[in-house]
Amino acid sequence: MADQLTKRADDYAQWYNDLVLKADLAEHSDVRGCMVIKPHGYAIWERMQRALDDMFKATGHVNAYFPLFIPKSYLAKEASHVEGFAKECAVVTHYRLKSDPVHGVVVDPEAKLEEELIVRPTSETIIWNTYRGWIKSYRDLPLLINQWANVVRWEMRTRLFLRTAEFLWQEGHTAHASKEEAIAETERMLEVYRVFAEEWLAMPVIKGIKTASERFAGAEETYCIEAMMQDGKALQAGTSHFLGQNFAKAFDVLFTTKENKQELVWATSWGVSTRLMGALIMTHSDDHGLVLPPKLAPIQVAVVPIARNEEQLAALHAYIAPVLSALRAKGISVKFDDDDTKKPGWKFAEYEFKGCPVRIAIGPRDMENGTVEVARRDTMEKQVMQVADLADKVEHLLEAIQSNLYQKALAMREASTRAVNSYEEFKVEIEKGGFLLAHWDGTPETEARVKEETKATIRCIPLEGDTTPGQCMVTGKPSARRVIFARAY
């Protein structure tokens, strides 16, 4: 399959699309702008989901589910929120079909809804309308809820996983008694996302704050994690929003304080989506196919026996069985591939292309020598290992692969991050890709000019790093610190 892949250096976008399709991760649906996530892709998403869900619950959150449909009037209650999503909304206007002798099935004009329903682009409005009935007193706070769901945003230009009309995600929605507590929650969940990105996806990220023009519609502050893909473009990998009291005002969510006063609740929301699948692919994969961090690989170790007959196959299975048991006891997912309809060479190529971190090959000669051949996907290296303590060696190898993928991605990002001091220099450097650290005067006018002239956006105002003040690269006006510019997905 690798020989059917467009090379990254030739056409990165086509390489990505080829890989998603040929690695059986997803495919385009007949429904415009939507995708079908195939079993291999969904298995990776499930591992992401499981890890994140455990992290949410460890920080005190619980799961719930809210309606897919939102009355149009709910969206209208928070002005900036509706303005931000208005152009992306799918609208339900009727509730019945009827047979037609000419057209087969048509919308029944008599079945028009009194109020149109919006297919959720995000759930702040329906959730805060619900919270009004749940929150009465300080004793009901904090309310820490997460929802796993699908959302619809009617995108004009789509790309599998990165931008589709319907996608899967989680959205946390929390309510607090004070501004300080809500901001602490926003920052805590951003850190959860950073840990997940770096320790599970092996993808280094920069934590920061979005500018006002890039802020989530209806938020007072949007925090984000930004990653760099191999082509030097940025990808927003997760966001956490401090919503202030905007939604509490819109939906009249008040609580009685300990002092018996009525106050508006403070809110947050935060989410990551199947866009992380695109981030995973673009951060690590190569011209040989998919590369998966061991923590997210559905099959972490594939064992391919090389046997001429059933008797030999049975002997090889008995030979490796203690290793399989030891690996599974360590929580490592392992597959002994005894499918006799496919040749070992085909299996080697398939596991390599689909990103399996470790492949073990065993044949009759290995059995005689007490060895196996071990191949690691990240470096394509092969080595012969003794079978005696193989489970421990493979466990350490998986840890080494996870670490190596992170370090490799970090080195790539650091090599592609540089400071620029003039707009002329910026225009030259942005063509090379990567993160550019530049001073900005803080005005939306300058931000918009840079975007229009270079297609680069301010990815974030970093929470850490150099805070030396300077002069805006465009206007020369005072700048509080450098911000990160990049072209982005």
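Being a predicted model, the structure only gives us computed values, none of them experimental.
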Inset, instruction - Answer yes or no: is there a side-chain heavy-atom contact under 4.5 Å between Glu181 and Pro142? - result: yes

Legend entry - Close aromatic pair by centroid cut-off 6.0 Å: Phe85 and Phe216: yes

Inset, instruction - Flag the pair Arg194 and Glu198 as a salt bridge only when some basic side-chain nitrogen lies within less than 4.0 angstrom of an acidic carboxylate oxygen. - result: yes

Legend entry - Distance-only side-chain donor-acceptor flag, Asp18 / Gln14, under 3.5 Å: yes

Inset, instruction - Count the heavy atoms belonging to other residues, nucleotides or ligands that lie under 6.0 Å from NZ of Lys330, then report whether that count exceeds 12. - result: yes

Inset, instruction - Apply salt bridge (charged side-chain N to carboxylate O under 4.0 Å, His left out) to Arg275 and list each qualifying residue two or more places apart in sequence or on a separate chain. - result: none

Legend entry - Partner set under ring pair (Phe, Tyr, Trp, His ring centres under 6.0 Å) for His176, not counting sequence neighbours: none

For residues 73-80, which side-chain donor-acceptor pairs fall under 3.5 Å, sequence neighbours excluded?
from: Ser73; atom 1: OG; to: Glu115; atom 2: OE2; distance (Å): 2.6
from: Tyr74; atom 1: OH; to: Asn129; atom 2: ND2; distance (Å): 3.0
from: Glu78; atom 1: OE1; to: Ser80; atom 2: N; distance (Å): 3.4
from: Glu78; atom 1: OE1; to: Ser80; atom 2: OG; distance (Å): 2.9
from: Glu78; atom 1: OE1; to: His81; atom 2: N; distance (Å): 2.8
from: Ser80; atom 1: OG; to: Gly218; atom 2: N; distance (Å): 3.3

Legend entry - Neighbour count >12 (heavy atoms, 6.0 Å) for atom CD, Glu399: yes

Inset, instruction - Verify whether the ring centers belonging to Phe426 and Phe485 lie closer than 6.0 Å. - result: yes

Inset, instruction - Hey, could you give me the CZ/CG distance between Arg376 and Asn404, rounded to the nearest 0.5 Å? - result: 5.5 Å

Inset, instruction - Answer with yes or no after comparing the ring centroid distance for Trp200 and Tyr193 against a 6.0 Å cut-off, counting only values under it. - result: no

Inset, instruction - Would you give the length of the straight line joining atom OG1 of Thr283 to atom CG of Leu405, rounded to the nearest 0.5 angstrom? - result: 10.0 Å

Legend entry - Non-hydrogen side-chain atoms of His173 and Glu124 separated by less than 4.5 Å: yes

